[in-house]
Student: 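Can you keep this structure in mind? I'll have questions shortly.
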Amino acid sequence: MKTGKFILILACLMLCADASFAAKWKAKHVVLIGLDGWGAYSVEKAEMPNVKKLMAEGSYTLKKRSVLPSSSAVNWGSMYMGAGPELHGYTEWGSRTPELPSRVVDKDGIFPTVFGLLRQAAPKAEIGCICEWDGIRYVVDTLALNYDKHVAEASENPKATVRYAVDYIKKAHPTLVNIVFDEPDHVGHSEGHDTPAYYRKLTELDGYIGEIIQAVKDAGMLNETIFIVTADHGGINKGHGGKTMAEMETAFIISGKGVKKGYEFTESMMQFDCASTIAYIFGLKQPQVWIGRPMKQVFK
Ligand SMILES: [Zn+2]
């Protein structure tokens, strides 16, 4: 066989393989938006029209629990890794490497993440992560990403992150993109949780979420997208990390293709169930070490 013909056949086979992956998927795109330190206690009072529209048009719980401690890296890690700190080993606020040996590591040398699972199943998937806190980069499996953006200038320019997100969505039409704002956590620490400043920040963040939704529309992806908006932990007074529901309960909002509308689900959800739910959307087989449960009830 001539090389040209062989390459043509190979290309066709690869296209078919990709199509068959996509056929199993519940949606072609997942946009995962995280707000650091956004406690579920604030949802009812907050002026967040875009988030509330996603709730009205999608499914949600206000009782997703964080793993303990109710701190950042341990919870972002659990959200992506389908298991808790006892298994993935990232146990602290700022863990960059696991303090406990990860029970299992994948071929990238990290506890299996939903990003790594998607990369292995769909080598050509476009996967991105845009974050304001560089601690996120230690728990996402950056080797699985096409686009890994730490927005270092976010503290001076709070609008920078949404600019990167909008550009990336329009340009790359990502299969999975994780966008993590480092607020309202800072306001929670400086001004306090459940304060006017905290609610003002939530309204500002809601505007960014609106811009991200608009970018998905402009990119012509809306009918094939599932949005998830959630958080690592909440807070109380000027902190978090402890064992109160204000610190431990966060919202999980899922909206878009094939998701039930206006449905507040009552099933128990933990931080690590986020990874399982995204894996379920993409038809990915969970590694045995994962303990997360996909929230199947939210799909029509
Ligand atoms: Zn945090």
Side-chain angles (χ1 to χ4, degrees), residues 32-43 46 48 51 61-85 88-99 111 113-115 129-140 149-152 154-155 158 161-162 165 178-195 197-202 204-206 208-209 228-253 269-275:
L32 171 62
I33 302 171
L35 305 182
D36 201 301
W38 179 36
Y41 72 83
S42 69
V43 172
M48 301 180 85
V51 164
T61 178
L62 300 181
K63 293 191 176 297
K64 185 192 70 177
R65 286 196 184 188
S66 71
V67 298
L68 288 172
S70 56
S71 304
S72 299
V74 54
N75 270 286
W76 293 117
S78 301
M79 188 188 293
Y80 308 138
M81 292 175 174
H88 57 61
Y90 299 79
T91 64
E92 296 174 7
W93 163 78
S95 301
R96 292 184 161 197
T97 51
E99 292 80 25
F111 191 90
T113 67
V114 69
F115 306 100
C129 178
I130 300 164
C131 62
E132 297 182 342
W133 180 50
D134 75 335
I136 298 289
R137 302 180 66 221
Y138 297 88
V139 290
V140 289
K149 179 68 191 172
H150 168 228
V151 187
S155 51
T161 304
V162 76
N178 177 41
I179 305 159
V180 188
F181 295 93
D182 205 25
E183 292 282 12
D185 189 63
H186 290 283
V187 172
H189 285 293
S190 61
E191 308 291 319
H193 272 262
D194 205 14
T195 59
Y198 185 83
Y199 287 101
R200 275 199 299 280
K201 184 54 79 175
L202 286 178
E204 178 191 329
L205 291 161
D206 183 78
Y208 303 150
I209 292 170
I228 295 172
V229 185
T230 192
D232 53 345
H233 53 77
I236 192 164
N237 302 321
K238 287 189 175 177
H240 59 82
K243 292 176 277 190
T244 63
M245 288 299 105
E247 292 159 280
M248 288 176 64
E249 281 183 341
T250 52
F252 178 84
I253 299 159
M269 181 172 194
M270 283 292 298
Q271 194 65 276
F272 40 74
D273 298 328
C274 294

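Just so it is clear, the structure is predicted and the values come from calculations on it, not from any experiment. Just so you know, ligand 1 is whichever comes first in the structure, and atom 1 is the first atom listed for that ligand.
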Student: Between Phe111 and His88, what is the ring plane arrangement, given parallel below 30°, perpendicular above 60°, and tilted in between?
Tutor: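 Perpendicular.
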Student: Is the Zn ion (ligand 1) under 2.8 Å from any N, O or S atom of Ser72?
Tutor: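 Checking the Zn ion (ligand 1) against Ser72, an N, O or S atom does fall under 2.8 Å.
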Student: Taking atom types as modelled, is there a side-chain donor on His233 or Ser71 under 3.5 Å from an acceptor on the other?
Tutor: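 Note: His233 and Ser71 side chains miss the donor-acceptor criterion.
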Student: So, is His233 placed with an N/O/S atom under 2.8 Å from the Zn ion (ligand 1), counting both backbone and side chain?
Tutor: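 Yes, since at least one N, O or S atom of His233 sits under 2.8 Å from the Zn ion (ligand 1).
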Student: To check your reading of the site, what angle at the Zn ion (ligand 1) do OD2 of Asp232 and OD2 of Asp36 form, to 10°?
Tutor: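 Taking the Zn ion (ligand 1) as the apex, the two atoms subtend 80°.
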Student: Not counting sequence neighbours, which residues clear ring-ring contact (aromatic ring centres under 6.0 Å, His included) with His186? List them please.
Tutor: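 In terms of ring-ring contact (aromatic ring centres under 6.0 Å, His included), with neighbours along the sequence ignored, His186 is linked to no residue.
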Student: Check this for me: Lys63, atom NZ, are more than 12 non-hydrogen atoms of other residues, nucleotides or ligands nearer than 6.0 Å?
Tutor: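 Open: at most 12 neighbouring heavy atoms sit under 6.0 Å from NZ of Lys63.
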